[in-house]
2 protein chains.
Amino acid sequence: MLTEIATAESLRPHTHAAFPASRKAPETLLSVGVPMSFPRNGEIFAEGETAGYVYKVVSGVVRVSKLLPDGRRQISAFHLPGDMFGFEIGDIHHCSAEAVVPTKVVAFKWQGLLGAGASTSLVRELLTRTMIGLRHTEDHLLLLGRKNALERLAAFLLEMAARSGSAEMLDLAMPRHDIADYLGLTLETVSRMFAELKEMGQIKLESARRVRLLNMDKLRAIAA
Amino acid sequence: MLTEIATAESLRPHTHAAFPASRKAPETLLSVGVPMSFPRNGEIFAEGETAGYVYKVVSGVVRVSKLLPDGRRQISAFHLPGDMFGFEIGDIHHCSAEAVVPTKVVAFKWQGLLGAGASTSLVRELLTRTMIGLRHTEDHLLLLGRKNALERLAAFLLEMAARSGSAEMLDLAMPRHDIADYLGLTLETVSRMFAELKEMGQIKLESARRVRLLNMDKLRAIAA
DNA sequence: CGTGGTTTTGAGCCCCTTCAACCACCGTGG
DNA sequence: CCACGGTGGTTGAAGGGGCTCAAAACCACG
């Protein structure tokens with residue numbers, strides 16, 4: 001999937017560029033890929049900034065969020081290795097993106113991908129990825145608009161399990177506050193719902209970030 | 001292929017083809033379009049159905065929604081004339097679409113649009129439209145996750161005003177129940193927020209569906 | 001006029017938030 | 001080795017915003 005981009009990516013070692021513009025692009029098929037790395041909570045781009053690049057996660061976790069003027073925050077997605085993010089219509093980012101943990105990404109120039117000589121298959125690949133994002137976001141609308149706190153947390157745990165190998169043992173990269181801003185709750189409520197799922201015998205908390213899912217089917221029933 | 005849709009549609013009790021199935025669409029890039037019309041609350045497609053077409057609204061209003069097993073509903077978008085909807089990755093619809101009022105749409109075969117000979121400009125057009133949908137949905141996530149009832153209704157009125165010519169006089173096509181399912185509220189709360197905006201002197205209700213926006217800037221401030 | 005669908009209004013309650021305190025972990029330095 | 005501060009997480013008590021349940025009002029249409 002996305003072979004042209006993947007090729008460009010694998011051709012290049014992961015260096016620690018501070019900013020895309022600071023590196024020269026090599027002459028390859030789609031040579032605009034630039035490896036970058038960010039520390040925990042490092043800002044990849046901010047709402048209102050000039051766009052121009054799309055990003056692919058190599059390692060780590062990225063959160064994409066929007067802010068209200070008074071500081072209320074909504075995280076629209078967590079991105080894991082292999083995911084792409086940063087798609088914009090105009091030249092302005094209307095979301096911000098930060099590294100949840102130390103993270104490596106590759107940045108691709110949007111112009112390079114969609115320029116005059118862009119192959120149909122590549123544009124179609126971008127279309128597919130955008131549609132995947134749209135589907136995920138629409139599912140999340142249902143969660144935020146209509147599910148209660150327990151259902152939201154169950155759905156979150158199942159989503160994370162599905163995306164990290166579907167193992168019963170789950171390592172969460174993000175703190176309670178991020179989970180809360182993703183699920184439209186407060187961190188206290190998230191903590192209480194963890195406790196409630198534990199009471200119900202559906203999960204076991206090895207630590208705050210390590211969760212064992214004891215009964216995925218039951219969790220699916222709870223997630224509604 | 002032109003008759004395929006018409007035949008499939010006419011099998012459903014509450015959908016009607018607008019024009020004779022034999023009528024050919026003009027020979028343009030989008031020459032596979034089939035006009036269809038639907039009565040109020042007519043089902044355009046349902047969650048779980050086989051996909052294969054994308055739709056463009058000609059007249060009327062369409063709501064796209066998702067359901068939970070117990071009947072809770074979330075409307076992800078209202079589509080007005082000129083909008084396109086029905087984009088799917090696989091061959092299964094994971095949303096349903098219905099006409100809010102008597103509505104005319106044109107259906108395009110997805111295969112026809114993205115087939116072997118598809119032009120890059122057309123694929124790019126679809127990409128842009130999908131990205132517009134993604135941006136709208138992400139904005140709506142913030143509304144559902146973090147805004148209170150009054151802010152949600154103010155944002156809704158402004159959105160509708162902006163999309164229908166930005167006039168101060170607004171004609172809402174949809175009932176309170178649909179507005180509620182779009183905003184993640186109950187219809188009673190929506191009604192109460194209408195009353196509150198009226199109390200505040202921000203709107204005037206000519207009738208339940210006809211709203212005069214008295215102070216757009218103040219409404220924008222309320223919508224956060 | 002009735003009639004059915006839609007909208008408004010009222011009263012009580014509950015889920016989640018708010019505010020606050022406490023705890024658990026961890027790297028640092030005396 | 002333990003005191004120490006800082007971050008992150010849990011737990012408790014109280015309050016409120018939106019929901020539920022209920023009934024009345026409104027309106028288009030026969």
Side-chain angles (χ1 to χ4, degrees), chain A residues 39-41 61 63 68 70-74 100-102 143-154 156-157 170-199 203-211 222 224, chain B residues 39-41 63 68 70-74 98 100-102 143-157 170-200 203-211 222 224:
Chain A
R40 197 166 77 104
N41 294 324
V61 180
R63 62 171 173 260
L68 286 176
D70 62 2
R72 282 174 286 176
R73 184 179 66 155
Q74 179 62 44
V100 175
V101 293
L143 181 145
L144 292 179
R146 291 305 181 202
K147 290 185 182 174
N148 65 30
L150 193 66
E151 292 168 343
R152 293 183 198 197
L153 184 60
F156 171 74
L157 293 175
L170 190 54
D171 278 281
L172 299 172
M174 66 293 292
R176 296 287 186 265
H177 188 251
D178 282 359
I179 300 176
D181 283 350
Y182 180 60
L183 298 180
L185 301 168
T186 62
L187 64 89
E188 293 96 328
T189 299
V190 169
S191 183
R192 277 183 252 267
M193 294 305 109
F194 268 108
E196 188 162 337
L197 284 177
K198 195 174 74 177
E199 296 291 313
I203 63 172
K204 186 164 188 300
L205 287 172
E206 310 285 353
S207 76
R209 308 283 185 103
R210 285 180 67 84
V211 191
I222 292 170
Chain B
R40 195 167 78 105
N41 293 324
R63 62 170 173 260
L68 287 175
D70 62 3
R72 283 174 285 175
R73 183 179 67 154
Q74 179 62 44
E98 295 131 28
V100 175
V101 292
L143 181 146
L144 292 179
R146 290 306 179 202
K147 291 186 183 176
N148 66 29
L150 193 65
E151 294 168 341
R152 293 182 198 199
L153 184 59
F156 171 74
L157 293 175
L170 191 55
D171 277 280
L172 300 171
M174 66 293 290
R176 296 288 185 267
H177 187 252
D178 282 0
I179 299 176
D181 283 351
Y182 180 61
L183 298 180
L185 302 169
T186 61
L187 64 90
E188 294 96 328
T189 299
V190 170
S191 181
R192 276 183 253 267
M193 294 304 108
F194 267 109
E196 189 162 336
L197 284 178
K198 195 173 74 177
E199 297 290 314
M200 296 169 67
I203 63 172
K204 185 165 189 299
L205 287 172
E206 310 285 351
S207 76
R209 307 285 184 101
R210 284 178 69 83
V211 192
I222 293 171

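- In this structure, the side chains of B:L197 and B:L157 come closer than 4.5 Å at one or more pairs of heavy atoms.
- Between the side chain of B:R146 and the main chain of A:L185, a donor-acceptor pair closer than 3.5 Å is present.
- If you find the closest nucleotide of DNA chain C to A:N148 and to B:K198, the one lying nearer the 5' end belongs to B:K198.
- Between B:D181 atom CG and D:dC19 atom P there is a gap of 11 Å when expressed in whole angstrom units.
- As rounded to whole Å, 15 Å separates atom C1' of D:dA25 from atom CG of B:L205.
- Checked by atom type and distance alone, the side chain of B:R176 never pairs as donor or acceptor with a backbone atom of B:E188 at under 3.5 Å.
- Between its opening and closing five pairs, the helix from C:dC1-D:dG30 to C:dC26-D:dG5 changes axis direction by 30°, a value rounded to 10 degrees.
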Please list, for nucleotides 18-20 of chain C, all pairs of protein and nucleotide N/O atoms separated by less than 3.5 Å.
| from | atom 1 | to | atom 2 | distance (Å) |
| --- | --- | --- | --- | --- |
| C:dT18 | O4 | A:R192 | NH2 | 2.9 |
| C:dC19 | N4 | A:E188 | OE2 | 3.0 |

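- Among all heavy-atom pairs drawn from B:A180 and B:T186, the shortest one is CB-C, 3.4 Å.
- Spacing between atom CG of B:L197 and atom P of C:dT7 amounts to 16 Å, rounded to whole angstrom units.
- Protein atom CG of A:L150 is 18 Å distant from nucleotide atom P of C:dC14, rounded to whole Å.
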Distances under 3.5 Å between protein N/O atoms and the N/O atoms of nucleotides 28-30 of chain D, please, pair by pair.
none

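- Within 4.0 Å of B:R152, counting heavy atoms only, lies no atom of the nucleic acid at all.
- Between B:A149 and B:T189 the shortest heavy-atom distance is CB-CG2, 3.7 Å.
- Between the CZ atom of B:R192 and the CG atom of B:L153 there is a distance of 13.5 Å, given to the nearest 0.5 Å.
- Phosphate proximity of D:dG8 to A:R40: present, with a side-chain N or O under 4.0 Å from OP1 or OP2.
- In this structure, A:F194 atom CZ and C:dA24 atom P are separated by 19 Å, rounded to whole Å.
- To the nearest 0.5 Å, atom CG of residue B:L172 and atom CZ of residue B:F194 are 5.5 Å apart.
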task = Using the side-chain contact (heavy atoms from CB on, under 4.5 Å) rule, take B:R63 and B:D181 through it: C-alpha gap first, then chi angles, then the decisive distance, then the call.
result = CA-CA 10 Å; B:R63 62 170 173 260; B:D181 283 351; over 6 Å; no

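- In this structure, of D:dT11, D:dG18, D:dG9, it is D:dG9 that holds the atom nearest to the side chain of A:R209.
- Looking at every heavy atom in both residues, B:Y182 comes nearest to B:Q74 through O-NE2, 3.1 Å.
- To the nearest 0.5 Å, atoms CG (B:L68) and NZ (A:K147) are separated by 5.5 Å.
- Between the P atom of C:dT17 and the CG atom of A:L183 lies a distance of 10 Å, rounded to the nearest Å.
- Straight-line distance from the CD atom of B:E206 to the P atom of C:dT7: 16 Å, rounded to whole Å.
- Contacts of A:L185 with the nucleic acid, taken as non-hydrogen atoms under 4.0 Å apart, involve only primed sugar atoms and P, OP1 or OP2.
- Here CG of B:D178 is found 8.5 Å from CD of B:E98. Values are rounded to the nearest 0.5 Å.
- Atom CZ of B:R176 is separated from atom P of D:dC26 by 15 Å (rounded to the nearest Å).
- Interatomic distance, CG of B:L170 versus CZ of B:R210, reported as 9.5 Å (0.5 Å rounding).
- With D:dG8, C:dT7, D:dT11 as the candidates, the nucleotide lying closest to the side chain of A:P175 is D:dG8.
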